[in-house]
Amino acid sequence: MLLLRRADQGDQNSNAWVFPGGLVEAGDRAWPVPPSGPPDLLPGGEGAGDDLAHRIAALRESFEEAGLLWALDAGGAPLGFDAGDSLWLDRRSALHRGELRLDQLCRAQGWRLQPEQLHPVAHWLTPPGMPKRFDTRFYLAALPPGQQARLDGVELVEQRWVTPAAALAAETGLALPNPARCLLEELAPVVDVAAALAWAQRLGPITRTEPRLARNHRGQLGPVNPRHPAWAEIGLIDPAGRGIAHAQIRPGEPVPLGPGLLRITARNGSVMTGPGTNSYLLCSGDPADPASGWALIDPGPDDAVHAQALLAAAPGPIRWILVSHTHIDHSPATQALHAATGAQRLGRLPDHPEWQDDTFQPDRILADGDRLTLGPALTLQVLHTPGHASNHLCFHWLEQALLFTGDHVMQGSTVVINPPDGHMAAYLASLRRLQALAEPRPAGLDAEPAHGPLQWLAPGHGFLIPGPRARAARADPPPPQPRGPCPQRPGRPRPLQRRGPAAQGLRRRSPCSPPGGAALAAGAFAAFAGAGAGGTG
């Protein structure tokens, strides 16, 4: 891949290694469509003229910045100028200074540009909240035969031909912007130029990638990519990019997930519980009314600090305590919280006592199909979902089209199925039942048409998970190589225990070892073209 280092201009991308490219200009949009029709257009509903303009911009910028031009001469042969040729340099300089337009140069020389040589591979929109926003397309192409790259020496001051895996290696020390890094991660498994172009041609519809701004564990604000487990939740909490969302679970801190919904995570993070066990507070009426009662789902482990955090976070009295199941990270705090609040305890007892909380004594045994009308804004449908545990329950908040899944569906991890209380066949049957909630159903036990299909899952470990309709798929690189780095995984089961299927499709393998092959280092090229979007541009 050809990477270029930007000059130090005092901005956030100074000295960053980037692909050739730049902004779409008016002349790029006025470029005539070839007589044979536009090239293979960027799939996904983009207009022919819009895609062609981005390709022309990528060709023009690549010529200005790197001396590379995908074009045929007057005789129909590929251009073979050396980037150091004086005439070639003069034309590049004139274009850069705005003294010459690319269409004028092509007409004068009889050249025909080849936008069809650029294969669309990505489409990025910078997140809301950034001072500058760009709507950017990325293209992949093989180096034009008979040409050599040479920098302009003004905006870009250094170039390297490097494999994607080497560019990503820590020892290489390249500062890469987020979109460039992600594209290199996708290309890391390929071994040569032909494989890279074949991958690009197989991608199919290109969906726009829209990172979101959130704070990391140090409080620093930065982009979070769609593969990150927190991405969907960030969009729900902070769609305008104000910087109020976090990309890591922070135990003990209340997180408002919407009107009348708070999450507080216990500080019991481990290989089995990931960042910790989630407790949820749900308002039964008006969240602004201090007299409104609150329901608590899964009070968590026997931890006095966590119990006090729940009592402090509740904006009103806790009147109900609901338990998804009685594993020791979900229910033992019930005893202390019941003593402090007098809240009604609701749940089920397990069929087998092993690895269970024997202190849980429900005031009401819940059954499959029970409907708990706890207030005008809080109706919970009870679903008995055995498998992970014989007494496992999920709670469907009908007004919010949200399902509290306990440990039946976890984020980024398979579920432990530990006999005798755990049962794989029961787990799979319960999973199929939950999947049915994602689609509209006739009035009946599990859903009502007035509330529509399920929109969100609130797991016992991890961030909110969007419903199946909110997910988008994208083509993977050539098998058997992995596509990219693993997102965070809250935990993984202990050895020798049976695991259920990964219900969310979030588990990925880690990247392969760096690919070999000099062809990629000598002949692959990526370019980008973008337009300002809602910022200074």
Side-chain angles (χ1 to χ4, degrees), residues 2 4 13 18-72 78-79 91-92 94-126 130 132-144 152 155-156 177 179-180 183 197 200-201 203-210 525-537:
L2 176 62
L4 312 176
N13 285 324
V18 298
F19 304 118
L23 291 176
V24 176
E25 297 180 353
D28 305 323
R29 297 192 182 279
W31 198 272
V33 175
S36 59
D40 294 335
L41 299 177
L42 183 68
E46 313 288 353
D50 192 45
D51 180 45
L52 182 59
H54 281 79
R55 293 182 190 237
I56 297 300
L59 293 173
R60 175 182 51 75
E61 290 282 350
S62 299
F63 182 39
E64 294 177 9
E65 295 181 349
L68 301 172
L69 186 61
W70 282 259
L72 302 176
L79 292 181
R91 290 160 178 163
R92 286 178 60 191
L95 282 169
H96 219 162
R97 294 191 301 268
E99 300 169 356
L100 178 67
R101 298 197 314 268
L102 184 57
D103 63 321
Q104 294 173 332
L105 175 61
C106 288
R107 282 197 299 270
Q109 300 295 325
W111 296 344
R112 183 180 72 81
L113 292 187
Q114 295 181 289
E116 69 277 3
Q117 295 297 317
L118 274 59
H119 302 278
V121 293
H123 182 183
W124 282 70
L125 177 65
T126 25
M130 295 287 286
K132 290 185 178 181
R133 300 189 66 199
F134 296 96
D135 188 358
T136 308
R137 322 291 176 85
F138 289 83
Y139 299 91
L140 187 72
L143 184 70
D152 61 11
E155 295 181 17
L156 300 151
L183 184 56
L197 295 177
Q201 292 168 345
L203 283 178
I206 303 296
T207 57
R208 187 168 65 188
T209 300
E210 300 185 36
F525 171 93
F528 72 88
T536 56

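Here Arg91 pairs with nothing under the salt bridge (charged side-chain N to carboxylate O under 4.0 Å, His left out) rule; sequence neighbours left out. When the side-chain contact (heavy atoms from CB on, under 4.5 Å) test is applied to Pro144, the partners found at least two apart in sequence or on another chain are Trp70, Gln147. Leu72 meets the side-chain contact (heavy atoms from CB on, under 4.5 Å) test with Pro78, Arg112, Gln114; sequence neighbours excluded. Checked against side-chain contact (heavy atoms from CB on, under 4.5 Å), Ala94 has the following partners two or more places apart in sequence or in another chain: Arg97, Glu99, Leu100. Qualifying salt bridge (charged side-chain N to carboxylate O under 4.0 Å, His left out) partners for Glu65, counting only residues two or more places apart in sequence or in other chains: none.
A donor-acceptor pair under 3.5 Å links the side-chain atoms of Arg92 to the main chain of Glu64, judged by distance alone. Checking side-chain atoms of Thr126 against main-chain N and O of Phe134 turns up a donor-acceptor pair under 3.5 Å.
In this structure, the separation between CG on Leu113 and CZ on Arg55 is 12.5 Å, given to the nearest 0.5 Å. One distance of note links CZ of Arg137 with CG of Leu125; it measures 10.5 Å at 0.5 Å rounding. Here Leu59 contributes atom CG and Asp28 contributes atom CG; the two are 9.0 Å apart, rounded to the nearest 0.5 Å. With rounding to the nearest 0.5 Å, the separation of CG in Asp135 from CG in Leu23 is 11.0 Å.
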Side chain to side chain contact (heavy atoms under 4.5 Å, CB included) between Asp51 and His123: does it pass, once the steps are laid out? CA-CA 11 Å; Asp51 180 45; His123 182 183; over 6 Å; no
Does Phe138 form a side chain to side chain contact (heavy atoms under 4.5 Å, CB included) with Ile206? I'd like the steps, not just the answer. CA-CA 10 Å; Phe138 289 83; Ile206 303 296; over 6 Å; no
Test Arg29 against Asp50 for side chain to side chain contact (heavy atoms under 4.5 Å, CB included), laying out the working first. CA-CA 7 Å; Arg29 297 192 182 279; Asp50 192 45; 3.2 Å; yes
Apply side chain to side chain contact (heavy atoms under 4.5 Å, CB included) to residues Tyr139 and Ser62 and explain how you reach the verdict. CA-CA 11 Å; Tyr139 299 91; Ser62 299; over 6 Å; no
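Each of Arg107, Arg101, Gln109 was scored for a side chain to side chain contact (heavy atoms under 4.5 Å, CB included) with Leu105, with one residue passing: Gln109.
Side-chain contact between Leu183 and Trp124 is absent, with no heavy-atom pair separated by less than 4.5 Å.
The two residues Pro120 and Leu203 make their nearest non-hydrogen contact at O-CD1, 4.1 Å.
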